[in-house]
Amino acid sequence: MGNKTENFVIMTDDSCGIPLEEAKKLGIEIISIPFYIDGKLYHEGIDITAKEFFERMEDHPDMHFSTSMPTPGDILNEWKRLLKTYDAILYMPISSGLSNSTQTAESLAQDFEGKVQVVDNQRISVPLRQAILDAIHLKNAGKTAKETKEILLEQKHDNTIFLMVDTLEFLKRGGRVTPAAALLGGFLRIKPVLQIQGEKLDAFAKARSVKSAKKTMLEALRKDLDTRFKEYEAKGQMQLMVSYTHQDQSIIDSWIHEVEQAFPGHTVMHDPLPLFISCHTGPGVLGIGAARIVQPEDYE
């Protein structure tokens, strides 16, 4: 059993997609990942809304969107503030494969004598949200921050996510694809399907239509549930999830309904992609994924 006397707090960044109001209800702390629009710094939900973000992206195609990371000073200030109240911090940042923020945090944590546990479980968006919910359950079951970290790292690869991107243009700007490939994709009206496995964002398939891209993602998730996650799926321990960028609500509702119809018996968690990620993907993204739900009793 864990040390029930340790009072630790769970901290993450807004790449998890959890709104600040919900974070307060969950009792977790969130630090903002800043991004730039034409050189001006913004923070999601603080000085720009998703609606404003996508209006600028769609109405001003020449605007430049780029991402940054919390400064070491900002992270240190938050940790020092929290350690005045809590015994320890479990910090769960964005995947190290998508940002240097995690490596920075791991370096800073070395000066805190074990009071800050950094979890690089290589997740982002809804899979990271599920890991945070798992951490809350483990904490409530009496696990320490260190024990919770070890459990989360043990099952960090038990998730999968697929994304349909409307255009390769924004990935091209961020250096994710070559200009020639982006031009070809636009010319052929290809709907690329991307996959996030662990720390990698990779091309998965090319579809000629939204309908075809959706079919590809549904089939890919079914295959993962039937193979990689067969054991957990049989136990009802897989959480299904949908992600998307800000767009017509009817499109989002329709996609959620399609996923629910394709996987009866599952609940479907759904969240918009964080604006930090949308800087790279652009508008018009639909995603689907799944993550294992950690059972605290399995780690007694």
Side-chain angles (χ1 to χ4, degrees), residues 12-18 92-99 119-135 152 155-166 171 191-205 207 210 212-247 251-278 280-281 284-294:
T12 184
D13 55 45
D14 54 10
S15 70
C16 66
I18 297 176
M92 302 174 63
I94 184 175
S95 166
S96 61
L98 299 172
S99 171
V119 184
D120 180 16
N121 67 344
Q122 298 171 353
R123 295 194 185 191
I124 192 169
S125 189
V126 272
L128 178 54
R129 170 194 270 271
Q130 181 58 48
I132 291 164
L133 296 178
D134 293 336
L152 293 176
Q155 53 82 59
K156 68 181 180 180
H157 294 304
D158 294 340
N159 75 100
T160 188
I161 190 166
F162 302 93
L163 298 171
M164 179 200 77
V165 184
D166 190 52
L171 288 165
K191 299 296 181 187
V193 176
L194 309 177
Q195 179 181 38
I196 301 176
Q197 293 287 352
E199 62 184 23
K200 295 181 179 179
L201 172 64
D202 290 326
F204 179 76
V210 171
S212 175
K214 287 180 176 180
K215 183 171 183 278
T216 296
M217 291 191 292
L218 291 170
E219 290 176 349
L221 182 59
R222 170 52 63 197
K223 182 179 179 181
D224 273 351
L225 292 177
D226 289 345
T227 55
R228 289 176 60 204
F229 306 127
K230 185 177 181 179
E231 175 187 353
Y232 308 123
E233 172 71 353
K235 295 178 182 178
Q237 294 178 0
M238 292 302 296
Q239 173 65 58
L240 266 60
M241 44 195 63
V242 160
S243 58
Y244 48 87
T245 53
H246 184 83
Q247 54 191 319
I251 295 174
I252 297 167
D253 292 342
S254 175
W255 177 227
I256 294 170
H257 180 69
E258 282 185 61
V259 175
E260 290 173 337
Q261 291 291 105
F263 299 94
H266 282 275
T267 58
V268 179
M269 179 190 298
H270 49 88
D271 278 316
L273 278 178
L275 298 186
F276 171 84
I277 298 302
S278 300
H280 297 291
T281 63
V285 175
L286 293 176
I288 187 173
R292 175 189 170 193
I293 303 170
V294 171

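By convention here, the first residue in the shown sequence is residue 1.
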Exercise. Excluding sequence neighbours, so at least two apart, what forms side-chain contact (heavy atoms from CB on, under 4.5 Å) with Pro274?
Worked result: Glu44, Ser125, Ile277
For this session: For residues Phe229 and Gln237, determine if any side-chain heavy atom of one lies less than 4.5 Å from a side-chain heavy atom of the other.
Result: no
Exercise. Is there side-chain contact between Trp255 and Val259, with at least one heavy-atom pair below 4.5 Å?
Worked result: yes
Problem set entry | Under the salt bridge (Lys or Arg N to Asp or Glu O under 4.0 Å) test, residues paired with Arg129 that sit two or more places apart | Glu22, Asp271
Problem set entry | Shortest non-hydrogen separation from Val165 to Thr281 and the atoms involved | CG1-O, 3.6 Å
Problem set entry | Residues which pass side-chain contact (heavy atoms from CB on, under 4.5 Å) with Ala220, listed by chain and number, not counting sequence neighbours | Phe162, Phe204
Problem set entry | For Thr267 against Gln239, the heavy-atom pair lying closest together | O-NE2, 3.2 Å
For this session: Could you pull out all residues at least two apart from Glu231 that satisfy salt bridge (Lys or Arg N to Asp or Glu O under 4.0 Å)?
Result: Lys235
Exercise. Hey, does Leu221 have a side-chain heavy atom less than 4.5 Å from the side chain of Met217?
Worked result: no
Exercise. If you take all heavy atoms of Ser15 and Ile94, which pair is closest and at what distance?
Worked result: OG-CB, 3.4 Å
Seminar exercise, completed: d(Ile124 CD1, Ile161 CD1) to nearest 0.5 Å is 8.5 Å
Seminar exercise, completed: Rounded to the nearest 0.5 Å, the CG atom of Leu133 sits from the CD1 atom of Ile18 at a distance of 6.0 Å
For this session: Only counting residues at least two apart or in another chain, list the ones meeting salt bridge (Lys or Arg N to Asp or Glu O under 4.0 Å) with Glu258.
Result: Lys214
Exercise. For the residue pair Ile132 and Met92, what are the closest heavy atoms and their distance?
Worked result: N-CE, 3.8 Å
Problem set entry | Closest non-hydrogen atom pair, Arg228 against Asn159 | NH2-O, 3.5 Å
Problem set entry | Distance in Å, Leu225 CG paired with Thr160 OG1, rounded so as to fall on 0.5 Å steps | 8.5 Å
For this session: Taking the side chain as every heavy atom from C-beta outward, state whether His270 and Ile252 have any atom pair closer than 4.5 Å.
Result: no
Problem set entry | Nearest atoms (heavy-atom pairs only) where Met241 meets Ala291 | CE-CB, 3.8 Å
Exercise. Below 4.5 Å, heavy atoms only, C-beta onward: do Leu163 and Ser243 meet side chain to side chain?
Worked result: yes
Problem set entry | Gap separating the CG atom of Asp14 from the CG atom of Leu128, nearest 0.5 angstrom | 10.5 Å
Problem set entry | Validation row: Ile293, Gln130 side chains within 4.5 angstrom (heavy atoms) | yes
For this session: Using atom types as modelled and distance alone, determine if a side-chain donor or acceptor of Glu219 lies under 3.5 Å from a backbone N or O of Thr216.
Result: no
Problem set entry | Separation of Leu152 CG from Lys156 NZ (nearest 0.5 Å) | 11.0 Å
Exercise. What pairs with Lys230 under side-chain hydrogen bond (donor to acceptor under 3.5 Å, both in side chains), at least two apart in sequence or on another chain?
Worked result: none
Exercise. Are any of the side-chain heavy atoms of Arg292 and Met238 separated by less than 4.5 Å?
Worked result: yes
For this session: Output the distance between atom OG1 (Thr245) and atom CD1 (Ile251), rounded to the nearest 0.5 Å.
Result: 9.0 Å
